[in-house]
Trainee: 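Handing you this structure, nothing more for now.
One-based numbering, in listed order, for ligands and for the atoms of each.
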Amino acid sequence: MPSTLTFDDLKSQVAAGSIDTVLACFVDMQGRLMGKRFHAVNFVETSFKETHCCNYLLATDLEMATPDGYASTNWQSGYGDYVMKPDLATIRPLPWLEGTALVLCDILDHHENPVSHSPRAMLKKQIKRLEALGYEAKMATELEFFLFEKSLDEIRKSGFRDLQPISGYNEDYHILQTTKEEGVMRPIRNHLFAAGLPIENTKGEAEAGQEELNIRYSPALDCADYHSIAKHAIKEIAWQQGRAASFLPKWHKDRVGSSSHVHQSLWQDGEAMFFDASKPHGKSDLMSHYMAGLIKYAPEYTYFLAPYVNSYKRFAKGTFAPTKTVWSVDNRTAGFRLCGEGSKGVRVECRIGGSDLNPYLAQAVMLAAGIKGIEDALELAPATTGDVYEDAKAADIPQTLRMATQTLRTSAFLREALGDDVVDHYTRAAEWEQEEFDRTVTDWEIARGFERA
Ligand code: ADP
């Protein structure tokens with residue numbers, strides 16, 4: 001990632017007293033920044049080489065529980081340490097936190113080998129495979145989320161009841177309503193820009209209180225780093241303003257859900273390899289093979305685009321969230337949309353992912369699917385047209401976490417691309433999420449049956 005601070009810059013700023021804190025962070029299975037706050041002097045003197053964290057951090061759920069069933073880390077092996085190795089190319093200031101810089105870390109074992117189920121390592125592995133074929137992937141992940149009137153702390157203390165979005169009406173592309181939200185959104189754009197992220201824009205989205213942040217497309221690893229930092233910043237900056245930002249894909253059954261569409265293209269020596277002016281839509285054969293892989297294996301990798309029970313509530317007819325694994329030209333009802341038709345900007349947008357996806361995992365599995373499409377020269381079916389929700393012939397996206405867990409568990413393609421250990425690890429994460437949900441008695445069940453059952 002093009003950093004805005006070299007290590008020497010950081011040292012000078014620490015010596016001058018303008019930076020006193022360095023956050024050393026890695027990204028966990030859920031896509032969260034986890035790590036430590038270093039006194040900056042300690043970081044530039046010694047900890048820049050490495051620091052450590054408990055290995056349960058890549059085998060926990062959102063509640064920090066320690067589920068059984070993971071081969072890599074468990075009570076029997078005593079939950080030892082991983083090495084957090086700062087990637088010094090990622091140092092940047094975090095202007096919304098006083099005197100603070102951030103560095104992202106890779107997770108290594110005690111022999112300095114990357115931990116195979118670490119999200120950043122998983123993406124790097126697929127990027128390397130693509131490089132071996134001679135290509136570089138450029139990606140953009142859109143970030144959709146909701147802003148609420150109250151703060152995260154107030155909402156949690158009141159039991160997540162009576163949630164009031166920050167606006168009273170659908171604010172899709174709305175300038176008047178989004179002006180009212182500039183107290184939160186302007187610092188988000190400007191602080192992230194000052195942190196070195198190529199921010200394009202924010203806009204109102206198609207529901208009350210719903211926002212979107214767009215970051216310029218970048219090499220895949222940078223894109224995932226940007227997404228993780230931006231998602232974290234959005235929550236933190238909203239919190240500083242006494243508001244809540246939520247990336248839960250579906251917070252209300254009658255409200256539109258939040259997604260994270262992923263735009264993808266392949267490049268070689270600065271040339272857009274998805275473009276071929278002589279072909280229909282300007283779509284090269286390479287792009288067709290890549291898309292055919294994306295579509296063929298979508299049911300197998302859906303878990304990585306929709307990792308929770310709630311993620312599947314978003315996939316509803318007539319909501320702009322897809323239900324079918326087909327492609328179309330600039331048609332928002334299909335799982336895959338060809339954008340930038342006939343231009344060098346021609347690309348495929350995957351619309352399946354929810355706002356809760358982990359960008360490293362999502363990009364890793366989609367690159368793996370695209371690579372498989374290229375290696376096997378898969379043929380792309382013709383584009384679908386019209387309202388794809390009503391297309392009975394088109395294949396469905398797995399409709400529940402349970403179904404997606406099963407397609408993940410039995411995927412020979414993912415086992416080959418990611419490794420058995422990695423597929424087993426994430427299958428266990430998916431199972432645990434379902435087990436926790438299954439033993440919960442929901443408000444809906446009580447309201448429905450308490451008196452009348
Ligand atoms: P839309 O109007 O559909 O939202 P945009 O023009 O805003 O489309 O682009 C959406 C995202 O696609 C942006 O983040 C942009 O940086 C990204 N993008 C543009 N060109 C490419 C490309 N060639 N490859 C990957 N992503 C791209």
Trainee: Can you name the salt bridge (Lys or Arg N to Asp or Glu O under 4.0 Å) partners of Glu349, sequence neighbours left out?
Mentor: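 So Glu349 forms a salt bridge (Lys or Arg N to Asp or Glu O under 4.0 Å) with Arg337, Arg351.
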Trainee: With no hydrogens and no angle check, just 3.5 Å: does a side-chain donor-acceptor pair link Thr178 and Glu171?
Mentor: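 Short answer, no.
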Trainee: Can you find a side-chain donor-acceptor pair between Glu375 and His289 that sits under 3.5 Å?
Mentor: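 No, no side-chain donor-acceptor contact under 3.5 Å.
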Trainee: Which ring-ring contact (aromatic ring centres under 6.0 Å, His included) pairs, counting each pair once, include a residue from residues 232-252, with sequence neighbours left out?
Mentor: Phe145-Phe247, Phe146-Trp251, Phe148-Trp251
Trainee: Check ligand 1 for close polar pairs with the protein: N or O on both sides, less than 3.5 Å.
Mentor:
unit_1, atom_1, unit_2, atom_2, d
ligand 1, 3 (O), Arg337, NH2, 3.0
ligand 1, 9 (O), Arg347, NH2, 3.3
ligand 1, 12 (O), His263, ND1, 3.3
ligand 1, 12 (O), Arg347, NE, 3.4
ligand 1, 14 (O), Glu200, OE1, 3.3
ligand 1, 14 (O), Ile215, O, 3.1
ligand 1, 16 (O), Glu200, OE2, 2.8
ligand 1, 16 (O), Tyr217, N, 3.0
ligand 1, 18 (N), Arg347, NE, 3.4
ligand 1, 20 (N), Arg347, NH1, 3.3
ligand 1, 23 (N), Ser265, OG, 3.4
ligand 1, 24 (N), Ser265, OG, 2.7

Trainee: Taking only residues two or more places apart in sequence, or in another chain, which ones meet Lys150 in a salt bridge (Lys or Arg N to Asp or Glu O under 4.0 Å)?
Mentor: none
Trainee: Can you tell me how far the CG atom of Leu33 sits from the NZ atom of Lys231, to the nearest 0.5 Å?
Mentor: 10.0 Å
